[in-house]
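Heads up: the structure comes next, in structure tokens.
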Protein chains: 4
Amino acid sequence: MLNIALLGAGRIGEVHAKSITSHAECRLVAIADVVEAAAQKLAARYGAKARPVNDILSDATIDAVLIATSTDTHSDLIERATAAGKAVLCEKPVDLSLERALECEATVMASGKPVMIGFNRRFDPQFATLKRAYDAGEIGKAELLAITSFDPAPPPTSYIKVSGGLFRDMMIHDFDMACWIMGGAPAKVTATGASLVSAEIGAAGDIDTAVVTLSWADGRIAVIKNSRRAGYGYDQRVELLGSQGLLSAKNLLEHTVEKITSEGAVSATPVYFFLERYMRAYEAEWAAFIEAVKSNTPMPVTLSDGVAALACAEAATRSARSGETVTITADMLGSVAIEASTAA
Amino acid sequence: MLNIALLGAGRIGEVHAKSITSHAECRLVAIADVVEAAAQKLAARYGAKARPVNDILSDATIDAVLIATSTDTHSDLIERATAAGKAVLCEKPVDLSLERALECEATVMASGKPVMIGFNRRFDPQFATLKRAYDAGEIGKAELLAITSFDPAPPPTSYIKVSGGLFRDMMIHDFDMACWIMGGAPAKVTATGASLVSAEIGAAGDIDTAVVTLSWADGRIAVIKNSRRAGYGYDQRVELLGSQGLLSAKNLLEHTVEKITSEGAVSATPVYFFLERYMRAYEAEWAAFIEAVKSNTPMPVTLSDGVAALACAEAATRSARSGETVTITADMLGSVAIEASTAA
Amino acid sequence: MLNIALLGAGRIGEVHAKSITSHAECRLVAIADVVEAAAQKLAARYGAKARPVNDILSDATIDAVLIATSTDTHSDLIERATAAGKAVLCEKPVDLSLERALECEATVMASGKPVMIGFNRRFDPQFATLKRAYDAGEIGKAELLAITSFDPAPPPTSYIKVSGGLFRDMMIHDFDMACWIMGGAPAKVTATGASLVSAEIGAAGDIDTAVVTLSWADGRIAVIKNSRRAGYGYDQRVELLGSQGLLSAKNLLEHTVEKITSEGAVSATPVYFFLERYMRAYEAEWAAFIEAVKSNTPMPVTLSDGVAALACAEAATRSARSGETVTITADMLGSVAIEASTAA
Amino acid sequence: MLNIALLGAGRIGEVHAKSITSHAECRLVAIADVVEAAAQKLAARYGAKARPVNDILSDATIDAVLIATSTDTHSDLIERATAAGKAVLCEKPVDLSLERALECEATVMASGKPVMIGFNRRFDPQFATLKRAYDAGEIGKAELLAITSFDPAPPPTSYIKVSGGLFRDMMIHDFDMACWIMGGAPAKVTATGASLVSAEIGAAGDIDTAVVTLSWADGRIAVIKNSRRAGYGYDQRVELLGSQGLLSAKNLLEHTVEKITSEGAVSATPVYFFLERYMRAYEAEWAAFIEAVKSNTPMPVTLSDGVAALACAEAATRSARSGETVTITADMLGSVAIEASTAA
């Protein structure tokens, strides 16, 4: 039985609290939050204690911490938690600053402590099925990957302002999916974005609609489409064209009922948002983390993976501004990603 | 918080133990089974006590019992539990004998105690969505209902021998679905069956493939197809033709990934069996029972509904033998079903 | 190049005129109709001559006739045309009277002339694909066949009155499909019908909604659902459960466009009626007839097949009235069907 | 009745000959080809005459010409035919050189003669249904368009060498689709391409896999994916995200039969290539041309549309080389396209 502390009691913290407490080999013992009342409330629900971060990190009975605080605290908390000897699962992105994330990675590599980044989509049963089929050679060699990732509705503008922008906040998931499926970071990134959904988002200096093209050194291409508003639900699809065929992971739908009348055949929309779509992914992500901690094996998603996705986001941000293709250089990638990229 | 006892610690008992213990307002306090070791093992897992049935029924702190024992004990246990003042949820079918089930219903009606029969499919999100759409008038008036219900593989012949036959054991669910959707028991039943899947089933005097046609007094028709072996999974579909359109509830699939190669487009099979398909239905069924107990409102599936489904099974059994359409007479139905049937 | 005469210039005659004239090896030379103006109009369109039936049958330059007249004239015309040495393709059904159809079959068998019955659905690319896959053993041995066949809207009551009833007029196609797929005529027929769609149809003594169960001597079962009004289009589906899986032929849709909004995902309805669905089938049917005529090989659909379908319709009519299962006896079947039935 | 001449008797010429001759108001009177035997063979099949181009253009009884010759002859033939007073339907692309195409457009504009460019996909029933739904406002304002367009197999390298490259030869169709759906030419083009399918294509200096992003002055974005080899058939899909929902046109499949076994559910692949997919589009294209000629109304696809698509191809070619976004300037567009682009 592992003792777990949760740092951050916001929306995503609540999601993780659920995964932690439904895992048979974990006990959620402590929760910290800058808003103490939030920590207390969540702690009460699960029989944990609200405690300050310092307390938690210096408590030797705590085995692992899950970092679900605001993004600007991630790097610091990762460094402090690993320094305190804890295993760490940290929400994406590692940091808004690629430089800071690289620094953090170097520190953690030196410490030798296990850190996993929370790219939950790798654990989604649909995407995992696609990845397994591809790895099994079912469609030959990958050539062209297409990811569609639309939110149902934009977040509040207040959130947009501190989010680091669409590429670091939203498309970061898709960059990781692309690196994961293709087996390493891309060589070049080209981005096009616009503010079409919400004038407020544009006024805040961000975009809400974007297309990014990634290309690998061997010519393989990936294209990612993002929109902050699909309206009809959470549109999360992946299509991979290989030398022998196409794999596609389609949406999960609300239900399987179809109504046919003279007006047409009406069936269900995709499930509305990330909890409906990815709750099973969060559970599987947590189980994979605990499994790696217990067996002392490499984390399934590393800090270096987190850096690679952030490097893509950084490159996309620059490309969208300049209209030029941006090359991802070795100094933009964490050590493991460089290796993977070279090996690919 | 309600104190619950579970009678029966077999496969279906385990399913219910899960629903009971994950319900926020229930405490599973006692489990009984003829095989005491089974009761003890399951009790240990959920922090309950293994106790004899008599003990449980005479314990005034127990509010409700869930009967998941072998079918031949259902009527007795229902009568004893209601006499002891417990609310009861009993697995289907009420009894293998229609006569005994009617007797049980009369006894329970006299006692005034709430009894619910476990027709879990009514609580399946797919079928419930279809029913809601129909009740909302989305396809006009029902005319022709078609139910497809295939198991992935036949049960052991030892089970077949004590099952009461395909109509009472397997199609009983579909009879209830038909009565539920159409709003009352049918007037006539015609059945055709054969043993095509397994010679052993035939040798045991049962069938494994069957088509039954039900018709209501006002002419509406339902047709049910059953097979003990679909091979590819649990095929559970409902189609309702109304005066203004068609509603159909399709299968839940293992995943949403499609692979297209020159060989064809391959997608997932239906989820393999009842746990994968109906776990959410079992939970919703239990929640509906608890809600009715707490609010002292009528049970969503009554003992009379259980009798109506059994009357259909009885009629189908006779029709398959004689080759003649069998009329369901008023004396074959429980009191509530007669009313519903008349009102329909 | 074969010279073809068309008897009957009504709606279905027009369909056939199109198939005949687009066939590279046929010349439509003559058209007859009791309404001479109709024959003249259609003849003018295709550069044929309107001529009386007698004239046509005694014209030695005419190789084959297509009979698309009213049903009550089929048997006579088949006998006269074969006696005159013509190859014949006759629309279904052979006759409204099974007795008369059997007489006609005996006469034609004696003449040795080739007669094909126009069961166009056998030539539908969807159903033909299903049949081919089944014959290739892709799902093992057939066990349970289900045919859904709904018209978009009922025909005029004047038509209903002379149609011979739903079983002979509409379900005759499905009886043939069942015999074709299962490889011979069934042993028993059970029917349930009602007038739910149109009170006028009921007043005319017919039904508009029906379910028929067929069973073969070896236990295999087929069930056919018919409705005169689906509202949303022509619903034409076949599902065959075999020992190793399920084959299903789904509807052709108007188009492949889907619209997803917060209201749901809307896609196309089935193509509206038989021309949209079966024009390719009519062309393939005609091509198969011409191929058989030219190569002097057996007709792909025989007069005996027409008799078998009619025997099913006759049995269904009796069963719907009596509520009893009706056995199809050898004297109800044409010679070839008896053989096929025995061999199956 | 219009007299039509066909210039070019190759593969695409044969397709057009079929459309012309099945149109009720056209007579195919003459066919020209540099390979005279080819012209003669095709002419013989349809009762036309093989004649030299000069002859045809100076024959005052010929109303319209369809140009289906090799691309390098298009501009010249368009100019000569319009000068000779013929209405013209010319296959895409207008020319391999944007400069020459603009010159041709200026000449034709001066002549006032009607010229239509053969972008057949606008007339595909699937895409036309999508366009109609969008124009009717069913998903609000367009934001993000995605076109998938994969060939089943690459053409011979000899063809690749004279094709003008993937952007001018293959993606030209998709550029036109994007301009058509979005209502005008884009402002910027970014392209990424690679040779992944065939080393020979790479050696010939061309690419076989590409992603191009187009953006309009108001921020709307389109992304086009092309591959010369999908293997499983002709993958032709369009998806349009609007402010209120998503429209998607899916593939046409070979048939509607599904087989479900324990191995999975297998359904049909897309129809294999352009004839199967687009024969109806070619017919509708020709009908639209004839309708415009007869009613003397503007052509549904203009020479200026052909120039706009070519400008996109030119920009994509440059962008793929430089890695920079290329702006489409007014001098790259024909007069009508400039207007449309401004109005959009």
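A note on names: the letters A, B, ... follow the listed sequences, proteins ahead of strands, and every chain is numbered from 1.
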Options Gly245(D), Ser319(D), Ser243(D), ranked by heavy-atom pairs under 4.5 Å with chain A, top entry: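 The residue among Gly245(D), Ser319(D), Ser243(D) with the greatest pair count is Ser243(D).
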Under a 4.5 Å cutoff for heavy-atom pairs, which residue among Lys141(D), Glu143(D), Glu324(D) has the most contacts with chain A?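 Heavy-atom pairs under 4.5 Å are most numerous for Glu143(D).
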Non-hydrogen atoms of chain A under 4.5 Å away: do they reach the side chain of [X], the backbone, both or neither?
{"X": "Leu196(D)", "value": "both"}
{"X": "Ala222(D)", "value": "neither"}
{"X": "Asp208(D)", "value": "neither"}
{"X": "Leu246(D)", "value": "both"}
{"X": "Thr190(D)", "value": "side chain"}

Do Tyr234(A) and Tyr278(A) have ring centres separated by under 6.0 Å?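 Distance test on ring centres: under 6.0 Å, yes.
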Tell me, out of Thr213(A), Val223(A), Ile221(A), who's got the most heavy-atom pairs with chain D below 4.5 Å. Ile221(A)
Heavy-atom pairs under 4.5 Å with chain D are the metric here; pick the option from Ile207(A), Leu241(A), Thr209(A) that has the most.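 Ranked by contacts with chain D, first place is Leu241(A).
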Please determine which of Asp174(A), Thr148(A), Asp235(A) meets the side-chain hydrogen bond (donor to acceptor under 3.5 Å, both in side chains) test together with Lys225(A). Thr148(A)
Which of these, His173(A), Gln126(A), Arg121(A), sits in a side-chain hydrogen bond (donor to acceptor under 3.5 Å, both in side chains) with Gln236(A)?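 With Gln236(A) as partner, His173(A), Gln126(A), Arg121(A) yield a single side-chain hydrogen bond (donor to acceptor under 3.5 Å, both in side chains), made by Arg121(A).
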If you measure from the Lys or Arg side-chain nitrogens to the Asp or Glu carboxylate oxygens, is any gap between Arg168(A) and Asp206(A) under 4.0 Å? no
Under a 4.0 Å N-O cut-off, is there an ion pair linking Arg280(D) with Asp124(D)?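 Salt bridge absent between Arg280(D) and Asp124(D).
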Under the 3.5 angstrom rule, does the side chain of Lys92(D) hit a backbone N or O of Ala309(D) as a donor-acceptor pair? no
With Arg277(A) as the cation and Phe127(A) as the aromatic partner, state whether NZ or CZ is under 6.0 Å from the six-membered ring centre and within 45° of the axis. yes
